Amino acid sequence: MALEVMAQASAPIPLDVAFRVEPGELLALVGHSGSGKTTLLRTIAGLWTPETARVSVGGAAWLDTGARVNLPPHRRRVGLVFQNYALFPHMTAAQNVMAAMMRPDPVEAERILDLVNLQGLGARRPAQLSGGQQQRVAVARALARRPEALLLDEPFSAVDRATRDRLYSEIIALRAHLGMPVVLVTHDVNEAQILADRMVVIADGRMLRAGTTAEVMADADALRAMGIRELAAMLPATVVAQLPDGLTQLEAPTGPLFLPNVEASPGTRVRIRILAQEVILARSRPEGLSAQNIVAGTVARIAPGQGPGVLVHVAIGDHEIIARITRRAADQLALRQGDPVHAIVKSMSVARDHVATVQPDPKAG
Amino acid sequence: MDWTALDLSLRLAAWTVAILLPVSILLGRFLAIREFRSKPLVEALVMLPLVLPPTVLGFYLLVTLGRNSRIGQLWQDLFGSQLVFSFTGLVVASVIFNLPFAVLPAQRGFQAIASEVREAAACCGMSPLRALWKVELPLAWPGVVTAMVLTFAHTLGEFGIVLMVGGSIPGETKTIAIAIYDRVQAFDTESAAIMSAVLVAISVSTIAVTFALSARVGKRLS
């Protein structure tokens, strides 16, 4: 059952957004703080009502200001993971999960806690759990409601980087089990790119761009709204070996890649995020270069970037690497669409934060 | 030792607590989470008994509930007895006089609950009543208990308003605080001392038990 959302308001912030999320799809609402993305999530959950809005799941209206339909939050089958988790502090993890069930069932609670990797921690209270564990309880509680829509409000913002990486992998793995539409609110483009199928970029309450993650990440206007320095391409890859010198050898559609210290065993599938500003282009295959990762492709298109920069999309098979270079450099290389070109990726430029582990699962990836 | 007076005081305190418990929960919660324009006025009215001399409040209650007032006449017509100078009248006065003691601590208790926790309860499918029972009361209860203990102890000790509205009718409106005053007037210092000591013991023990309980709850949640 698809989730359909339309919301218009003039106060407290201007809002004019409409989108649709298919079952099993993860849509990221991306924007700066104050852009209205959390307000949209609250509208879906029923915690806020804009002047004009329609929210429906599988055609059944939860909110329709025109028809005077407005179900209270507890009548909407929605799972909401709050930014600060909002766990019930007087209940154990298992009780928190059961609190969201129609009929509290300890066995089912345990199963859901297993699903989010909290085996054996059901008896702990939130105060006795780490930030990452609390986030997992919040996800488990949201799932225990058997929601028709799952809403995640910046669910990774309150944990440290290493925990966040692990939680990303868990969410990706979990998605194989989820059949409902999922909406993720985030200001982190990296996060959206790793997790989302589609993205809606919001600025000042307006939809700047909506489309698949790849489409949005290739849109210069959308990127400007998100901060162009974040522009990056995503490549799927498989860990081949941990080399003795501390580098990890990965096999990507673009050929072999070498990254420092990817903590994953051989065979693990990962997604690598390559920042556009860390990619250098060359007409011919360069020799005598210190960089380890050089891949050959063709120029798919050249898009104007911000100021003196241009964005060169390099097609490598079915995948793309994006290079952000100056217009002057592009002119000097006389790059045209279809030209063969070599992309040089400095191996050190791929940060740990930008590698998401994908569990071996046919649906994820 | 005037056992009748002590019994009357305890009954008055119990009735006051029983009536103010739901009031403190509903009004305290309402004032904690709702914002409306006349909120400062409502809060001021609730606070008023705290700053007014009991005699002033007692005077107005006497005027509003007395035989010549509309409420007093209605009461007389319905029940055939007058509201003032009766135990019932005392309960009414005590409830009004204890409003700040019952509402403010409960309001603080509900205010301490993060708004997201309340919203999470709704998003977990809990109706407002169920959320109150399963989430809000378990978290706010130290505040509510404090409110009830203060109300109880304060009722035992109240003097001025009881004298104004109730007079000093043995077995009907003569509370232990008034009995102590009576004994002192009659130079019976010994009886006054015993009753005072009993009152102190009851008050200290109820308050101590509450503090111990809320300290334990605080430890469990942090």
Side-chain angles (χ1 to χ4, degrees), chain A residues 38 41-48 62 71-92 95-104 109 112 124-128 134 137-155 158, chain B residues 24-26 28-30 32-37 39 105-148 210-222:
Chain A
T38 294
L41 216 59
R42 295 175 63 80
T43 303
I44 300 173
L47 299 170
W48 191 67
W62 282 355
L71 296 185
H74 68 278
R75 303 276 296 278
R76 304 183 184 194
R77 282 266 297 276
V78 67
L80 175 51
V81 177
F82 288 79
Q83 190 167 359
N84 302 314
Y85 317 138
L87 298 176
F88 306 131
H90 59 300
M91 297 185 192
T92 64
Q95 286 168 339
N96 263 281
V97 174
M98 281 191 282
M101 293 179 183
M102 300 280 266
R103 292 207 178 76
I112 298 173
R124 299 248 188 115
R125 286 183 198 283
Q128 298 167 306
Q134 289 181 22
V137 176
V139 172
R141 185 177 66 178
L143 292 177
R145 174 121 173 84
R146 297 183 173 278
E148 291 172 334
L150 180 63
L151 311 176
L152 311 168
D153 186 8
E154 303 258 9
Chain B
S24 86
I25 291 172
L26 294 179
R29 180 182 184 276
F30 181 77
I33 65 178
R34 288 291 181 84
E35 291 301 331
F36 51 98
R37 211 195 297 203
K39 189 172 169 178
Q107 184 182 347
R108 297 282 166 272
F110 282 104
Q111 264 167 356
I113 303 173
S115 59
E116 296 90 52
V117 170
R118 264 187 288 111
E119 291 171 350
C123 289
C124 281
M126 296 185 201
S127 66
L129 205 64
R130 193 173 154 76
L132 178 67
W133 184 247
K134 297 278 283 182
V135 175
E136 293 183 42
L137 273 181
L139 291 173
W141 87 262
V144 175
V145 170
T146 304
M148 291 306 105
T210 327
F211 276 135
L213 277 179
S214 48
R216 246 180 50 194
V217 174
K219 213 178 281 173
R220 204 180 61 189
L221 294 184
S222 63

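All chains are named by letter (A, B, ...) in the order of the sequence lines, taking the proteins before the strands, and each is independently numbered beginning at 1. Computed from a predicted model, the values in this text were never measured in an experiment.
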Does any N or O in the side chain of Arg145(A) come within less than 3.5 Å of the main-chain N or O of Cys123(B), such that one atom is a donor and the other an acceptor?
yes
Among all residues two or more places apart in sequence or in another chain, which pass the salt bridge (Lys or Arg N to Asp or Glu O under 4.0 Å) test with Arg76(A)?
none
Options Pro126(A), Gly79(A), Ala45(A), Ala86(A), ranked by heavy-atom pairs under 4.5 Å with chain B, top entry
Ala86(A)
Any side-chain heavy-atom pair from Phe88(A) and Cys124(B) closer than 4.5 angstrom?
yes
Could you tell me whether the side chain of Pro128(B) reaches within less than 4.5 Å of the side chain of His74(A), counting heavy atoms only?
yes
Cut-off 4.5 Å, heavy atoms of chain A, and the answer for Ala121(B) is both
Given heavy-atom pairs under 4.5 angstrom as the criterion, report whether the side chain, backbone, both or neither of Leu87(A) touches chain B.
backbone
With a 4.5 Å limit on heavy-atom distance, are the side chains of Arg42(A) and Glu119(B) in contact?
yes
Can you see which heavy atom on Lys134(B) is nearest to which on Met91(A), and at what distance?
O-CE, 3.6 Å
Could you tell me whether a side-chain N or O of His90(A) sits under 3.5 Å from a main-chain N or O of Glu136(B), the two making a donor and an acceptor?
no
Residues of residues 110-117 of chain B contacting chain A, heavy-atom criterion under 4.5 Å, by residue number
Glu116(B), Val117(B)
